[in-house]
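So the structure is just underneath, and the comments pick up after that.
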Amino acid sequence: MDYSFPKSQRLKSAKRISHIYRKGQKVKQSSLLLFYLEGESAEHKISVAVPKRKVPKAVHRNRIKRILREVYRLNKTELAATKGFDFILMYLGSDLPDQRKLEQAFIKLCEKWRNSAGV
RNA sequence: GAAACAGGCCGCCUUAUCGCUCCUAAUUUAAUAGGGGAGGAAAGUCCGGACAAUAUAGAGUACCGUGCUCUUUGAAAGGAGAGGUGUUUCGAAAGGAAUUUUGAGAUAACAGAUAGUACCGCAGAGAAUAUAUUUCUCUUUUGUACUUAGGACAAUGUUCUAAAUGCAGAAAAGUAAAGGUGAAAAGGUGCGGUAAGAGCGCACCGCGCUAUUGGCGACAAUAGUGGCAGGGUAAACCUCACGGAUUGCAAUACCACGUAUACCGGGGCUUAAGUGUUACUCGCACGAUCCCGGAGGGUAGGUAGCUUAGAUAAAUGAUAAGGAUCCCAAUUGGGAAACAGAAUCUGGCUUAUAGGCCUGUUUUAUUU
């Protein structure tokens with residue numbers, strides 16, 4: 001099993017990210033929102049986002065982003081596909097989340113994504 | 001031992017597994033080994049400094065900062081100690097009172113309100129060139145009551161005139177003493193004085209000015225003098241003194257990519273349009289394939305700056321076990337753990353902070 005999460009699997013270009021926000025499809029499950037768009041390389045690329053308006057404290061924002069990244073890292077296989085996709089995973093709640101609940105929500109989100117993206 | 005105050009420090013630890021980031025090493029092109037990886041405030045961005053760019057031709061204005069004294073520390077901002085003054089709390093003393101002296105604290109953006117402007121809600125007559133539709137007082141005058149004196153008549157009464165006194169009203173003044181309003185009412189208390197009053201006069205207190213003395217100084221004491229003009233706000237503008245080039249790492253340098261000397265309108269081509277220079281003015285420099293405006297197009301990736309933390313959609317994390325701390329139950333167990341996340345570095349200031357430790361001072365309990 002591959003649980004690594006190197007730099008090549010992260011979405012880093014500001015131009016590409018704003019493009020996904022504009023043109024990408026959306027899937028929602030409880031407090032998670034996933035933007036996705038077919039990518040340029042064979043690998044998946046992902047980026048996490050927490051809106052400043054919902055979570056004003058920098059400490060809490062950092063924590064939520066780390067938890068989201070950890071959830072993705074441990075459940076990467078749920079998003080397995082033949083093509084590479086670019087994702088943005090956004091947290092819409094305003095409280096500090098529980099990691100186990102978030103993992104279950106993420107797995108459900110992945111099922112929805114598989115159906116809508118037709119993979 | 002406990003409580004209060006002041007100052008300082010710490011602000012969970014260990015192991016394993018999975019993962020992130022930077023550096024080094026060697027094999028070699030996707031993996032291995034070793035090492036480093038958030039804070040006392042990283043925060044607010046309120047003051048300094050380094051560094052960078054602009055300018056180096058300066059001057060004035062504007063703007064900003066600081067504001068009792070001395071010593072000390074520091075590159076500066078700032079800090080520390082000692083003192084002075086004002087305000088204020090508690091206690092003591094003197095005095096009839098106003099007030100003064102003194103002991104122990106607290107506190108002050110603590111230069112200037114006799115340069116000018118502005119503001120001072122409500123209440124109140126009046127809030128700054130003081131003042132009345134209250135009260136008080138003199139004078140004049142009207143009415144009335146009573147008394148006295150004189151006269152007339154129809155005579156133990158009636159009536160007229162004059163004067164004094166009381167009451168009520170009016171006019172013209174005096175006064176700012178009393179009541180009342182207010183955070184604040186144009187020196188305070190007492191005595192004299194006056195029609196009533198008033199620094200109008202006097203005593204004491206306070207205040208201003210001048211001189212002398214003491215102190216490095218802020219200031220203080222003493223003497224003389226002035227009858228007292230001049231309320232408060234400068235964290236309102238402002239004035240004075242001292243200091244300050246401006247903009248900030250999204251600075252800036254280099255590499256890569258890419259384009260348009262296109263088009264439209266206007267100005268100018270040597271009697272100067274314009275650009276740069278510190279916000280403005282002057283001055284200075286540059287100045288013809290030029291300048292301004294419109295509409296439109298392209299780029300916005302990387303390296304250095306940048307750090308024995310050093311990223312760039314931004315690492316410093318997750319899970320499990322064990323152990324300290326605190327709380328509830330008191331056998332086993334269950335729960336809690338603050339404020340808060342680096343972005344060029346650095347010195348301060350301010351604000352947030354569960355819990356714990358140490359030192360000192362004061363009060364108090366117990367034991368000897």
Side-chain angles (χ1 to χ4, degrees):
Chain A
M1 294 290 275
D2 177 22
Y3 293 121
S4 68
F5 186 37
K7 252 183 184 175
S8 60
Q9 292 181 14
R10 280 183 232 161
L11 203 53
K12 294 171 82 170
S13 162
K15 206 174 171 184
R16 181 74 184 149
I17 285 167
S18 56
H19 188 246
I20 291 166
Y21 274 128
R22 277 201 306 276
K23 302 280 172 60
Q25 306 290 312
K26 281 184 271 186
V27 182
K28 197 180 170 190
Q29 170 64 42
S30 68
S31 60
L32 292 173
L33 177 66
L34 186 75
F35 292 80
Y36 66 95
L37 195 65
E38 208 168 313
E40 289 148 353
S41 66
E43 262 188 320
H44 283 337
K45 284 178 183 288
I46 191 161
S47 151
V48 296
V50 181
K52 203 168 187 175
R53 215 185 312 160
K54 295 258 185 182
V55 186
K57 299 245 179 205
V59 172
H60 297 156
R61 270 204 308 284
N62 273 350
R63 180 135 183 81
I64 290 166
K65 280 153 88 173
R66 279 167 188 157
I67 290 170
L68 288 178
R69 231 178 276 127
E70 196 69 11
V71 165
Y72 170 75
R73 185 175 71 79
L74 298 172
N75 298 281
K76 274 201 312 193
T77 49
E78 298 289 328
L79 286 169
T82 51
K83 293 179 289 187
F85 277 84
D86 290 349
F87 299 101
I88 299 173
L89 185 60
M90 189 180 271
Y91 182 74
L92 296 177
S94 53
D95 308 325
L96 276 178
D98 180 75
Q99 188 168 343
R100 294 184 190 286
K101 285 181 185 170
L102 212 57
E103 267 190 80
Q104 291 168 10
F106 182 73
I107 289 165
K108 277 190 188 173
L109 183 73
C110 291
E111 281 175 26
K112 278 193 183 178
W113 172 76
R114 278 198 296 275
N115 293 333
S116 63
V119 179

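Letters A, B, ... mirror the listed sequences (proteins, then strands); counts begin at 1.
Comparing the C1' positions of B:G283 and B:A108 gives a spacing of 49 Å, expressed to the nearest Å. Separation of the C1' atoms belonging to B:A125 and B:A178 is 15 Å when rounded to the nearest angstrom. Between B:A4 and B:A309, the distance separating the two P atoms is 42 Å to the nearest Å. B:U278 and B:U252 have their P atoms separated by 15 Å, with the value rounded to a whole Å. The separation of B:A3 from B:U15, taken at their C1' atoms, amounts to 43 Å, rounded to a whole angstrom. Using C1' as the reference atom, B:U319 and B:U303 are 40 Å apart when rounded to the nearest Å. Comparing the C1' positions of B:U194 and B:C146 gives an interatomic distance of 32 Å, to the nearest angstrom. B:U359 and B:A321: their P atoms are spaced 40 Å apart (whole Å).
The pairing partner recorded for B:U359 is B:A6, the criterion being a Watson-Crick or G-U wobble arrangement whose two distances lie under 3.5 angstrom. The base-pairing partner of B:A229, taking Watson-Crick or G-U wobble contacts with both distances under 3.5 Å, does not exist among the strands shown. When both distances must be under 3.5 Å, the Watson-Crick or G-U wobble mate of B:A62 does not exist. Nucleotide B:A162 has B:U148 as its partner under the Watson-Crick or G-U criteria, with both atom distances under 3.5 Å. When both distances must be under 3.5 Å, the Watson-Crick or G-U wobble mate of B:A235 does not exist. When both pairing distances are held under 3.5 Å, B:G296 makes no Watson-Crick or G-U pair with any nucleotide shown. The nucleotide B:U367 finds no pairing partner, because no Watson-Crick or G-U wobble arrangement with both distances shorter than 3.5 Å includes it. Of all nucleotides present, only B:C136 satisfies the Watson-Crick or G-U wobble test against B:G174, with each distance under 3.5 Å.
Counting to the nearest Å, the P atom of B:U21 and the CZ atom of A:Arg69 are 10 Å from each other. Put simply, NZ on A:Lys65 is 14 Å from C1' on B:U316, counting in whole angstrom units. A:Ile64 places its CD1 atom 13 Å from the P atom of B:G341, with the value rounded to the nearest Å.
Mapped onto RNA chain B by nearest heavy atom, A:Val48 and A:Asn62 fall at different nucleotides, with A:Val48 at the one closer to the 5' end.
A:Arg61 comes within 4.0 angstrom of no nucleic acid atom, judged by non-hydrogen atoms across all strands.
A:Lys112 meets the side chain to side chain donor-acceptor pair (under 3.5 Å) test with A:Gln29; sequence neighbours excluded. Residues forming a ring pair (Phe, Tyr, Trp, His ring centres under 6.0 Å) with A:Phe35 (at least two apart in sequence, or on another chain): A:Tyr21. Residues meeting the side chain to side chain donor-acceptor pair (under 3.5 Å) test with A:Asn62, sequence neighbours left out: none. Among residues two or more places apart in sequence or in another chain, the ring pair (Phe, Tyr, Trp, His ring centres under 6.0 Å) test is passed with A:Tyr91 by none. With sequence neighbours left out, the side-chain contact (heavy atoms from CB on, under 4.5 Å) criterion links A:Gln104 to no other residue.
Listed for the A:Arg61 side chain is no donor-acceptor partner under 3.5 Å among the backbone atoms of A:Pro51.
The pair A:Arg73-A:Glu70 counts as a salt bridge, with a side-chain nitrogen and a carboxylate oxygen less than 4.0 angstrom apart.
Applying the 4.0 Å criterion to OP1 and OP2 of B:G341, one finds that A:Lys57 has every side-chain N and O outside that range.
Taking the side chain as every heavy atom from C-beta outward, A:Leu89 and A:Val71 never approach each other to under 4.5 Å.
Note that CG of A:Leu102 and CG of A:Leu109 are 10.0 Å apart. Values are rounded to the nearest 0.5 Å.
Look at B:A342: its glycosidic torsion is beyond 90° from 0, and that puts it in the anti range. B:G40 has its base syn relative to the sugar, with a glycosidic angle deviating from 0 by at most 90°.
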Check the interface with nucleotides 317-319 of chain B: list each N/O to N/O pair with the protein under 3.5 Å, or write none.
unit_1 : atom_1 : unit_2   : atom_2 : d
B:G317 : N2     : A:Glu70  : OE2    : 3.2
B:A318 : OP1    : A:Arg63  : NH1    : 2.2
B:A318 : OP1    : A:Arg63  : NH2    : 2.9
B:A318 : O3'    : A:Gln99  : OE1    : 2.8
B:A318 : O2'    : A:Gln99  : NE2    : 3.4
B:U319 : O3'    : A:Arg100 : NH2    : 3.4

